[in-house]
Amino acid sequence: MISNKNKELIVMVPALAPGDYELQVVTQGTNGSILLKEPRTEQLDSILSVQ
């Protein structure tokens with residue numbers, strides 16, 4: 001993870017084989033130090049295509 005700011009997440013993706021990928025972020029974090037009871041998942045609307 002390079003940057004994790006309010007509504008902005010920048011990550012470094014390792015070398016991937018050619019193909020289409022769906023990106024998801026799973027977290028239990030909140031704005032405070034208390035964790036959520038269940039993880040929540042967000043998925044990028046676009047497909048990552050590697051050629």
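Quantities reported herein were computed from a predicted structural model and do not represent experimental measurements. The chain is numbered in sequence order, starting from 1. These values consider heavy atoms only, across backbone and side chains, with no hydrogens, waters or symmetry-generated copies.
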Taking distance alone, no hydrogens or angles, what donor-acceptor pairs closer than 3.5 Å link side-chain atoms of residues 41-48 to residues at least two apart or in another chain?
unit_1 : atom_1 : unit_2 : atom_2 : d
Q43    : OE1    : Q24    : NE2    : 3.1
Q43    : NE2    : E22    : OE1    : 3.2

Exercise. Within a radius of less than 6.0 Å around CD of E38, do more than 12 heavy atoms belonging to other residues, nucleotides or ligands occur?
Worked result: no
Exercise. How is the hydrophobic cluster of I34 composed, in terms of its other members, when Ile, Leu, Val, Met, Phe, Trp and Tyr link through side-chain heavy atoms under 4.5 Å apart, directly or indirectly?
Worked result: none
For this session: Please examine the side chains of V26 and R40, heavy atoms only from C-beta on, and report whether any two atoms are closer than 4.5 Å.
Result: no
For this session: Evaluate the side-chain proximity of Q28 to P39: yes if any heavy-atom separation is below 4.5 Å, no if none is.
Result: yes
Problem set entry | Spacing of OG1 belonging to T27 relative to CG belonging to L36, to within rounding of 0.5 Å | 7.0 Å
Problem set entry | Straight-line distance of K37 NZ to L35 CG, nearest 0.5 Å | 12.5 Å
Exercise. Is there a path from V50 to V11 through hydrophobic residues (I, L, V, M, F, W, Y) whose side chains come within less than 4.5 Å of each other?
Worked result: yes
Problem set entry | Single-linkage hydrophobic cluster, 4.5 Å side-chain cutoff, I10 and M12 together | yes
